[in-house]
Amino acid sequence: MNEGWTLRTLAERVGGMHIGDGAHGVRGVASPTKGREGMIVCLWDAGETSARRNGALMTDTGTMRDGVFFLSSPDFFARHPDAMGVAVENPKNVFPLLLSLFARTPRGTYATSGIHSSAVVSGEAVIAPSARIGPLCIVEAGAVVEEGAYLYGKAFVGAGCTVGAESVLEPGVVLFENVRIGRRCLIHSNAIIGCDGFGVAPSTDGTAPRKIPQLGGVVLGDDVEVGACTTIDRGTLDDTEVGSGTKIDNHVHIAHNVQIGANCVIVAMTGIAGSAVLEDAVIMAAGSGVKEHTRIGKGATVAAKGGAIKDVPPGEVVSGFPARPHRENFRVQAALQRLPEMISRVKEL
């Protein structure tokens, strides 16, 4: 949150060097085209053409606009001696930290500890003294809510669940039984974790398909984020697992028995079928998918709308459906674009 930053204190916090009077106050962060007095703008490209392209930063004569500060490389400030701000070696890497320093107060910070009078909490649940249970929440028997955790209104925590210390459940979150949430996790509104996996035995005699009971749970590591309206199914026998540091976007579906490693990024509308495995640091781009019992190797990327129907080697970038190495898929797409012309030529021949 904003603590009244100056150029000097900001530079100290991000590990850089202030350029200009360190006592200047910094009011917030602005985009390159919206720079205003007292705001700091992050520029990744040190070149003069980059600064000129962002007209809000410079006057008609090419000098820096008064009162706008910059977070950029030392080379940028060498090119623009009239600029003030903070010099860092890698502005792009520092950018997330800069934003966090000016972010709004984290959700739940203003809430006092305790249980709201309208919440329904089982006498067999364990609620830490510093935890906060908001209005109309339900916490069932055997559940544990650890220190500093915050449940927004209408959150549901089922029997045997654990909500780790300092984790936040936004309004409408549902944790069915035996879901374990690690420390400092953020579960966004209307996410449902621990619902039954889609286990169905097809009929062979004309009767209705039979439901296969799902006896496992779901385990989330520390510092996991789960987006709004995302669903994570419980395992059939073993737990569905999501490793520490993994970030999951809105409207993602993770099926039963899936194993997701640490520090993965799973973007909106992705679907991961049952018993698939994502190793550490995998990126699943928007609208991508993984077939059941398929393994995505460490550090691999499945591009937007890519469908992985076989194992992907570590570090590989795949795209298309069925997903294949990205360069190969580009060649296929280029060939398809020429297909109408080729058909016309064949007809002429």
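Keep in mind the model is a prediction, meaning the values are calculated, not measured.
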Are the side chain of Ser189 and the backbone of Pro171 linked by a donor-acceptor contact shorter than 3.5 Å? yes

Donor-acceptor pair, side chain of Ser118 and main chain of Leu136, under 3.5 angstrom: yes

In terms of side-chain heavy atoms, does His188 have a donor or acceptor partner in Glu225 at a distance below 3.5 Å? yes

With no hydrogens and no angle check, is any side-chain donor or acceptor of Asn257 less than 3.5 Å from a backbone partner on Ser275? no

Does any N or O in the side chain of Asn250 come within less than 3.5 Å of the main-chain N or O of Ala228, such that one atom is a donor and the other an acceptor? yes

Presence of salt bridge, Arg184 and Asp223, under 4.0 angstrom: yes

Mutual orientation of the aromatic rings belonging to His24 and Phe69 [parallel < 30°, tilted 30-60°, perpendicular > 60°]: tilted

May I have the step-by-step check of side-chain contact (heavy atoms from CB on, under 4.5 Å) for Ile260 and Ile272, ending in yes or no? CA-CA 10 Å; Ile260 296 176; Ile272 303 175; 4.1 Å; yes

Is Val317 reachable from Val267 through a run of hydrophobic residues whose side-chain heavy atoms are each under 4.5 Å from the next? no

At what distance, to the nearest 0.5 angstrom, does SG of Cys229 lie from NE2 of His251? 4.5 Å

Counting N and O atoms only, with roles assigned by atom type, does the side chain of Glu279 sit under 3.5 Å from a partner on the main chain of Lys298, one being a donor and the other an acceptor? yes

So if you build clusters from Ile, Leu, Val, Met, Phe, Trp, Tyr with side-chain heavy-atom gaps below 4.5 Å, do Val157 and Val121 land together? yes

To the nearest 0.5 angstrom, please state how far the OG1 atom of Thr240 sits from the CD atom of Gln214. 8.5 Å

Only one of Arg180, Gln259, Arg234 forms a side chain to side chain donor-acceptor pair (under 3.5 Å) with Asp239, so which one is it? Arg180

To the closest 0.5 Å, what do you measure between CD1 (Ile283) and OG1 (Thr270)? 11.5 Å

Can a donor-acceptor pair be found, under 3.5 Å and without considering hydrogens, that links the side chain of Thr246 to the backbone of Gly261? yes

Quick check: are there more than 12 heavy atoms from other residues, nucleotides or ligands sitting under 6.0 Å from CG of Asp238? no

Please check if atom CD in Glu124 has more than 12 non-hydrogen atoms from other residues, nucleotides or ligands closer than 6.0 Å. no

Assigning hydrophobic clusters by single linkage (Ile, Leu, Val, Met, Phe, Trp, Tyr; side-chain heavy-atom cutoff under 4.5 Å), is Ile40 placed with Val94? yes

Do side-chain atoms of Ser244 reach the backbone of Asp222 as a donor and acceptor pair under 3.5 angstrom? yes

Taking atom types as modelled, find out whether His253 and Thr231 have a side-chain donor-acceptor pair closer than 3.5 angstrom. yes

For Glu37, does its backbone N or O pair with a side-chain atom of Arg27 as donor and acceptor, under 3.5 Å? yes

ILVMFWY cluster, Leu7 and Phe95 together (side-chain gap under 4.5 Å): yes

Using distance alone, with no hydrogens and no angle criterion, decide if Asp205 and Thr207 have a side-chain donor and acceptor under 3.5 Å apart. yes

Using the rule that Ile, Leu, Val, Met, Phe, Trp and Tyr join whenever any side-chain heavy atoms are under 4.5 Å apart, tell me whether Phe176 and Ile254 fall into a single cluster. no

So, Ser113 side chain and Gly148 main chain: donor-acceptor pair closer than 3.5 Å or not? no

Counting only heavy atoms from other residues, nucleotides and ligands, does the tally under 6.0 Å from NZ of Lys305 exceed 12? no

Measuring from atom OG of Ser288 to atom CE of Met269, what distance do you get when rounded to the nearest 0.5 angstrom? 11.0 Å

